[in-house]
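Take a look at the structure below.
In each ligand, atom 1 is the first atom listed, and ligand 1 is the first ligand listed.
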Amino acid sequence: LKAVILIGGPQKGTRFRPLSLDTPKPLFPIAGLPLIQHHIAACAKLQECKEILIIGSYTTTQLAQFVNDMQKEYHVIIRYLQEFTPLGTGGGLYHFRDQVRAGNPSAFFLLNGDVCADFPLKELWTFHEERPSALVTIMGTEATRQQSVYYGCMVREASTKAVTHYVEKPNTYVSTLINCGVYVCSLQVFQTMAEAFQRKQDGFYSANGQNSPHPGYMSWEQDVLAPLAGTNKLYAMQVTSWWSQVKTAGSAIYANRHYLELHRPQQPATPPCHILPDVFLHPTATVDSTAVIGPNVSIGAGVTIKAGVRIKESIVLSNATIHEHALVMYSVVGQDASVGEWSRVEGTPSDPDPNKPFAKMDNQPLFNSDGRLNPSITILGAGVVVPAETILLNSIVLPHKHLTRSFKHEIIL
Ligand code: GDD
């Protein structure tokens, strides 16, 4: 078995700004681990999985250190394959098909790099093997009718679970069973992709390239999955466990909470301060014993937390400093940022229903219909300095800004 993780490139992830300005989004830490390390851990857990290919258009330099570290940690071959230009969710996979096919693996997993889940890969693979005609098995989950249109929607044959109809982000309601961006594929899928690629090429040249950003561009969902529906080669396994996308910084807070819950990080035998689980505390963080941290907080390497600080439902990135008696909640504090004494950095998210496996914090527009900023969390970019006794509520501060006053519902450029 092999696995392929699609991570896009710097052109993507715009809704994740300003957090993606300093760190490529796939490496943004959620519950103490880079976003795609959760994928790698899930793949490496499966002994049969011998190689992981990461495909995207970030430069190799941006990923090299991470790939090296991951190989050492998980003892599995991991390679980063860089697309010369974004080729879409199918184009990159097709371009690097020989690397996927090399060694003739019995199947390969395909994972969107921006989803979070407990990745039931073993179950997915078994489900796939039980259906010999399957070229692709999709992991699906139930969404609300309203939410479903933002995802790939599937209609299944009740007894066989074969997908009879697939529509990517339909304009009107199709089905509440949505595509989670996690698949297991047989190698023969490359034959289907070759046919799709040929159709794309014909279309590209007859339209003089008008309808495609690049002749090698291919959408996995529209060009491969949709035509496979109704052929008995596409199946969907429905899961009820937690699943979510990470598109916005708000969804990072939500994912952080759930990955913490899933992994339940071990607390040090003598906690450095009052901890309300779940909390990930990097061993190199310096925390005053009077601070209170949690629940659902991740504290990165080299962070300093001073006396009387209160942090909940937040991510504090490496080397940030939270000064005496400051409060941080529903926020992301960027690396090297500083929050002054007695300041409050706050968001007020409308939480997704905790009983639903499906997150609805995504797809919120950045601005409300009345033109007001919509994020329900506060984000401090890297190196931002918040002075003492300042309040920041539901605001986004771009990197390296030194604030001089309080802000509410604003983007501070
Ligand atoms: N290598 C590479 N090249 N990866 C890409 C490219 C590309 O040109 N474009 C997108 N990706 C990666 C993204 O980084 C992301 O991890 C994944 O492919 C999905 O890409 P999006 O284009 O952002 O699609 P989406 O998230 O809106 O929708 C997809 O995921 C949903 C589940 O999260 C679809 O598969 C939907 O059907 C699905 O419901």
Can you tell me if [X] has a non-hydrogen atom under 4.0 Å from ligand 1?
| X | result |
| --- | --- |
| K25 | no |
| G92 | no |
| Y58 | no |
| F96 | no |

With heavy atoms only and a cut-off of under 4.0 Å, state how [X] meets ligand 1: side chain, backbone, both or neither.
| X | value |
| --- | --- |
| I178 | neither |
| Y166 | side chain |
| Y183 | side chain |
| V115 | side chain |

Closer than 4.0 Å to some heavy atom of [X] - which atoms of ligand 1 meet that?
| X | result |
| --- | --- |
| N112 | 16 (O), 17 (C), 19 (C), 29 (C), 30 (O), 35 (O) |
| G56 | 1 (N) |
| E221 | 29 (C), 34 (C), 35 (O), 37 (O) |
| L87 | 8 (O) |
| P86 | 8 (O) |
| N179 | 31 (C), 32 (C), 35 (O), 37 (O), 38 (C), 39 (O) |

- Task: Might you confirm whether atom CZ of R156 has over 12 heavy atoms from other residues, nucleotides or ligands at distances under 6.0 Å?
- Result: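 Atom CZ in R156 is crowded, with more than 12 foreign heavy atoms closer than 6.0 Å.
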- Task: Look at the aromatic rings of H263 and Y259 and report parallel, tilted or perpendicular, splitting at 30° and 60°.
- Result: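 Parallel.
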- Query: With under 30° as parallel and over 60° as perpendicular, where do the rings of Y235 and F127 fit, or are they tilted in between?
  - Reply: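 Geometry flag for F127 against Y235: perpendicular rings.
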With distance as the sole test, does [X] use its side chain to make a donor-acceptor pair with the main-chain N or O of [Y] at under 3.5 Å?
| X | Y | result |
| --- | --- | --- |
| Q147 | T144 | no |
| Y80 | Y58 | yes |
| E51 | K2 | no |
| S186 | Q188 | no |
| S148 | T176 | no |

- Item | Min side-chain heavy-atom separation L225-Y183 under 4.5 Å |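 Counting from C-beta outward, L225 and Y183 do come under 4.5 Å.
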Would you say ligand 1 has an N or O under 3.5 Å from any N or O of [X]?
| X | answer |
| --- | --- |
| G152 | yes |
| D114 | yes |
| Y151 | no |
| C180 | no |
| G88 | yes |

- Message: Strictly below 4.0 Å, N to O, side chains only: are D98 and R101 in salt-bridge contact?
- Response: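 Yes.
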- Taking the six-membered ring of Y94 as reference, does the NZ or CZ atom of R97 fall below 6.0 Å from its centre and within a 45° cone about the axis?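 Yes.
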- Going by heavy-atom distance to atom 20 (O) of ligand 1, choose the closest among T85, L111, I54, T89.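 Considering heavy atoms of T85, L111, I54, T89, the nearest to atom 20 (O) of ligand 1 sits in T89.
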- Of all residues at least two apart in sequence or in a different chain, which pass the salt bridge (charged side-chain N to carboxylate O under 4.0 Å, His left out) check with E221?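 E221: no salt bridge (charged side-chain N to carboxylate O under 4.0 Å, His left out) contacts found.
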